[in-house]
Asker: 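Before I ask anything, let me first share the structure, which is written out below as structure tokens.
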2 protein chains.
Amino acid sequence: MSANSRLTIAAHALAWIGLYQRQGHPVATSEQIADSANTNPVVIRRLLGELRAAGLVESHRGAGAGWTLTRELAQITLLEVYDAVDTGPLFALHRGTPNQGCVVGHGIQPAMTNIYAGVEETVREELRKTTLEDVLQAVLAAR
Amino acid sequence: MSANSRLTIAAHALAWIGLYQRQGHPVATSEQIADSANTNPVVIRRLLGELRAAGLVESHRGAGAGWTLTRELAQITLLEVYDAVDTGPLFALHRGTPNQGCVVGHGIQPAMTNIYAGVEETVREELRKTTLEDVLQAVLAAR
DNA sequence: CTCCATCGTAACTATTGTTGTTACATCAGA
DNA sequence: TCTGATGTAACAACAATAGTTACGATGGAG
């Protein structure tokens, strides 16, 4: 699986904005965040754009523009971020269609779909338990 | 995330072998399984090779060769298959190293590593609850 | 003891998805 | 009007999985 880092970068960005605001700065720029995450500002803008579509952040344009949180970090769960960035399914079915003339080929996809749905639900429950404030506190605890 | 289908194909192959053996056939060939899964025999051989390394199947060479289960389907959990095929982490950290001179950049990886470890553990618990016999029964129930 | 079906495996290509980069239009406050 | 930022398209770079071809190795059947 090519695990993807979108959830990690999104959490990083939100934690960064939250801490920055807490330090008295009104807005954070994609360039500042990109510098912290060691990536390109466009990557950050794309990701924050998805978070904005989910209502987690706001952006402002023009001079002195940037990004702000719409809620406290404690009011944002990792599940919301996960849904916002839409990382796709954890497990995939067959790339092509299995042989429908075979009993196993015919029944395997519905069977695995059910199983995977159950797994994804437990993942969602787990992500719902963690807020971005938890993430920031864990970040600050690393010394 | 580029979800991968390795777990799906592995479950498909095991269910196929189990059903085939139950029908009185001693061994299954990678070509038969590939035909059911609509993929290439080499893909199946590679995957079953990993399952063999984990002790879930045996292979025999020479004429009349093929694959056999080493245990009943009911004695194999999806977790064992998941571990055997080693799909890698569900979530990735940053591709590059975040800015260690930044508080968030410094602490984010340990923080997310912990969180992801918890999520993966719940996934493992969930996969442990399902056996390949459960998979086969679900397959046969699809009509 | 030869034949041949099948595995074992290397090497390469194809495909897919993510990430990184460049470029530039757009916006809005000073 | 200038300026610093976002918005977004387009494309390149990179990585991982999957598919394919090729061929050597094995070992039971005859």
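Quick note on labels: first sequence line is chain A, next is B, and so on, each numbered from 1.
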Asker: Should Arg52(A) be listed as having a side-chain N or O under 4.0 Å from OP1 or OP2 of dG7(D)?
Answerer: yes

Asker: Can you pull out every ring pair (Phe, Tyr, Trp, His ring centres under 6.0 Å) where at least one residue sits in residues 119-143 of chain A? Sequence neighbours excluded, please.
Answerer: none

Asker: Any carboxylate oxygen within less than 4.0 angstrom of a Lys/Arg side-chain nitrogen, looking at Glu133(B) and Arg22(B)?
Answerer: yes

Asker: May I have the distance from Ile44(A) (atom CD1) to dG7(D) (atom C1'), rounded to whole angstrom?
Answerer: 15 Å

Asker: Give the rounded distance in Å between these two atoms: CD of Gln32(B) and P of dA5(C).
Answerer: 14 Å

Asker: List for me each residue that meets side chain to side chain contact (heavy atoms under 4.5 Å, CB included) alongside Glu50(A), sequence neighbours excluded, and say none if there are none.
Answerer: Arg6(A), Leu47(A), Val85(A)

Asker: Per the ring pair (Phe, Tyr, Trp, His ring centres under 6.0 Å) rule, what does the pair list look like for residues 107-143 of chain B, sequence neighbours excluded?
Answerer: Phe91(B)-Tyr116(B)

Asker: Would you classify Gly66(B) as touching base, sugar-phosphate or nothing, given that sugar-phosphate means primed atoms plus P, OP1 and OP2, and contacts are heavy atoms under 4.0 Å?
Answerer: sugar-phosphate

Asker: Which letter, B, S or -, goes with each nucleotide of nucleotides 22-30 of chain C from 5' to 3', with contact meaning a protein heavy atom under 4.0 Å?
Answerer: BB--BBBB-

Asker: Please report the distance, rounded to the nearest Å, between CD in Glu50(A) and P in dT19(C).
Answerer: 10 Å

Asker: Under the side chain to side chain donor-acceptor pair (under 3.5 Å) definition, can you give me all pairs with a residue in residues 51-69 of chain B, not counting sequence neighbours?
Answerer: Arg52(B)-Ser59(B)

Asker: Nearest to the Arg6(B) side chain among dT19(C), dG7(D), dA18(D), which nucleotide is it?
Answerer: dA18(D)

Asker: So which of residues 20-30 of chain B are in contact with DNA chain C, with a heavy-atom cut-off of under 4.0 Å?
Answerer: Thr29(B), Ser30(B)

Asker: For Arg46(A) and dG7(D), give me the distance from atom CZ to atom P, rounded to whole Å.
Answerer: 13 Å

Asker: For the pair Ser5(A) (side chain) and Thr8(A) (backbone), establish whether a donor and an acceptor sit closer than 3.5 Å, ignoring hydrogens and angles.
Answerer: no

Asker: Write down the distance between CG (Leu47(A)) and P (dT18(C)), rounded to a whole number of angstrom.
Answerer: 12 Å

Asker: Whole Å only: how far is the CG atom of Asn38(A) from the P atom of dT21(C)?
Answerer: 9 Å

Asker: If you assign each of Ile9(B) and Arg95(B) to its closest nucleotide in DNA chain D, which residue comes earlier from the 5' end?
Answerer: Arg95(B)

Asker: Check the distance between dT6(D)'s P and Glu31(A)'s CD and give it to me in whole angstrom.
Answerer: 8 Å

Asker: Between Thr39(A) and dG20(C), does any side-chain N or O lie under 4.0 Å from OP1 or OP2?
Answerer: yes

Asker: Test your reading of the model: is there a side-chain donor-acceptor pair from Asn38(B) to the backbone of Asn99(A), 3.5 Å cut-off?
Answerer: no

Asker: Between Leu7(A) (CG) and dT19(C) (P), how many Å, whole number?
Answerer: 11 Å

Asker: Under 4.0 Å between a side-chain nitrogen and a carboxylate oxygen: does that hold for Lys129(B) and Asp134(B)?
Answerer: no

Asker: How do Gly96(B) and Ser59(B) order along DNA chain C: which one's closest nucleotide is nearer the 5' end?
Answerer: Ser59(B)

Asker: Any side-chain donor-acceptor pair under 3.5 Å between Arg128(B) and Thr77(B)?
Answerer: no

Asker: For dT19(C), does either OP1 or OP2 sit under 4.0 Å from a side-chain N or O belonging to Ser5(A)?
Answerer: yes

Asker: Measure the acute angle between the ring planes of His94(B) and His12(A), then classify it against the limits of 30° and 60° as parallel, tilted or perpendicular.
Answerer: perpendicular

